[in-house]
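Attaching a single structure in structure tokens format; questions to follow.
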Amino acid sequence: MNLEGGCACRAIRYKLTASPLIVHACHCRDCQRLTGSAFVINIWIEKKFVEASAVPKSFRLAGGSGNHHDVFFCDTCGTYLWSRYHGAPGDALFVRAGTLDNPDAVRPDVHIFTKSKQPWLNLPEDAPAFDSFYSIDKIWPAESKQRIGRKSSG
Ligand SMILES: [Zn+2]
Ligand SMILES: [Zn+2]
């Protein structure tokens, strides 16, 4: 998979050189606020597989669990490109799938923080959905667990 994208003014272009570890639709209040929308679609991927043409600016939010959350955006047009959650394993970035040139290329594997999901929004019946977060060991494919150095517990 070779996914490319960028911000609205094209000052920052990026390329993902590996497939996503997993794709989240996050319905938490922070994501709703940051996107101005009902949820965000985040591609969880190791930082080393995100090649960017320029360094985005960042802004730090305090996470609810005490872990910081850095939000990265284009200095010129303000498009928010990705996040970094300091509590997340795997030295990873959460790339906002709406900034892909072809956003249809990915779909959410799992819906999280559905406790604050917009009440008018019905999720697909076959979509795994969680009130808050979930257990990586239970949900991730073995290949993704291996990539971040987790042993498969079967
Ligand atoms: Zn821009
Ligand atoms: Zn969220």
Side-chain angles (χ1 to χ4, degrees), residues 2-17 19-47 49-124 126-141 144-145 148:
N2 204 350
L3 299 170
E4 293 184 36
C7 67
C9 77
R10 300 183 72 86
I12 303 178
R13 297 286 302 160
Y14 67 82
K15 188 190 286 186
L16 308 183
T17 60
S19 53
L21 289 163
I22 194 160
V23 180
H24 282 174
C26 185
H27 300 259
C28 82
R29 293 290 185 221
D30 280 346
C31 290
Q32 289 174 348
R33 182 174 294 107
L34 287 166
T35 58
S37 186
F39 60 92
V40 70
I41 305 171
N42 276 332
I43 297 170
W44 187 338
I45 188 168
E46 299 92 323
K47 193 165 164 268
F49 295 135
V50 181
E51 288 176 6
S53 66
V55 183
K57 258 214 141 65
S58 70
F59 175 76
R60 177 161 286 184
L61 293 163
S65 53
N67 291 313
H68 296 302
H69 168 196
D70 291 321
V71 183
F72 295 83
F73 57 92
C74 171
D75 206 5
T76 305
C77 70
T79 306
Y80 152 43
L81 292 164
W82 49 75
S83 289
R84 184 152 195 217
Y85 293 90
H86 290 257
D91 194 21
L93 297 178
F94 290 74
V95 178
R96 195 166 163 178
T99 64
L100 291 170
D101 294 340
N102 175 22
D104 299 359
V106 298
R107 59 170 285 169
D109 297 307
V110 56
H111 290 257
I112 61 171
F113 289 97
T114 58
K115 63 184 174 193
S116 48
K117 179 179 81 61
Q118 290 296 292
W120 46 261
L121 176 66
N122 296 315
L123 300 182
D126 59 343
F130 298 89
D131 264 8
S132 54
F133 204 68
Y134 60 86
S135 159
I136 287 176
D137 288 330
K138 287 194 185 124
I139 297 297
W140 280 27
S144 294
K145 283 189 267 189
I148 66 158

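Here the structure is a predicted model, which means the values were calculated and not measured. Each ligand, and each atom within it, is numbered from 1 in the order the structure gives.
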Next on the checklist: Below 2.8 Å, can you find an N, O or S atom of Cys28 next to the Zn ion (ligand 2)?
Outcome noted: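 Of the N, O and S atoms in Cys28, at least one lies under 2.8 Å from the Zn ion (ligand 2), which means yes.
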Checklist entry - Distance from Tyr85 atom OH to Cys26 atom SG, nearest 0.5 Å? => result 5.5 Å
Checklist entry - Is the Zn ion (ligand 2) less than 2.8 Å from an N/O/S atom of His27, whether that atom is in the backbone or a side chain? => result no
Checklist entry - Given atoms SG of Cys26 and SG of Cys31, what angle do they subtend at the Zn ion (ligand 2), to the nearest 10 degrees? => result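 Result: 120°, to 10°.
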Next on the checklist: Counting neighbours of CZ on Arg60 that are heavy atoms of other residues, nucleotides or ligands and sit closer than 6.0 Å, is the number greater than 12?
Outcome noted: yes
Next on the checklist: So that I know where these two stand, are His24 and Phe113 an aromatic pair - ring centroids less than 6.0 Å apart?
Outcome noted: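 So the answer is no for these two rings.
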Checklist entry - Do the ring centers of Trp82 and Phe94 come within less than 6.0 Å of each other? => result no
Next on the checklist: Please report, to 10°, the angle around the Zn ion (ligand 1) from atom SG (Cys9) across to atom SG (Cys74).
Outcome noted: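 Seen from the Zn ion (ligand 1), SG and SG are separated by roughly 110°.
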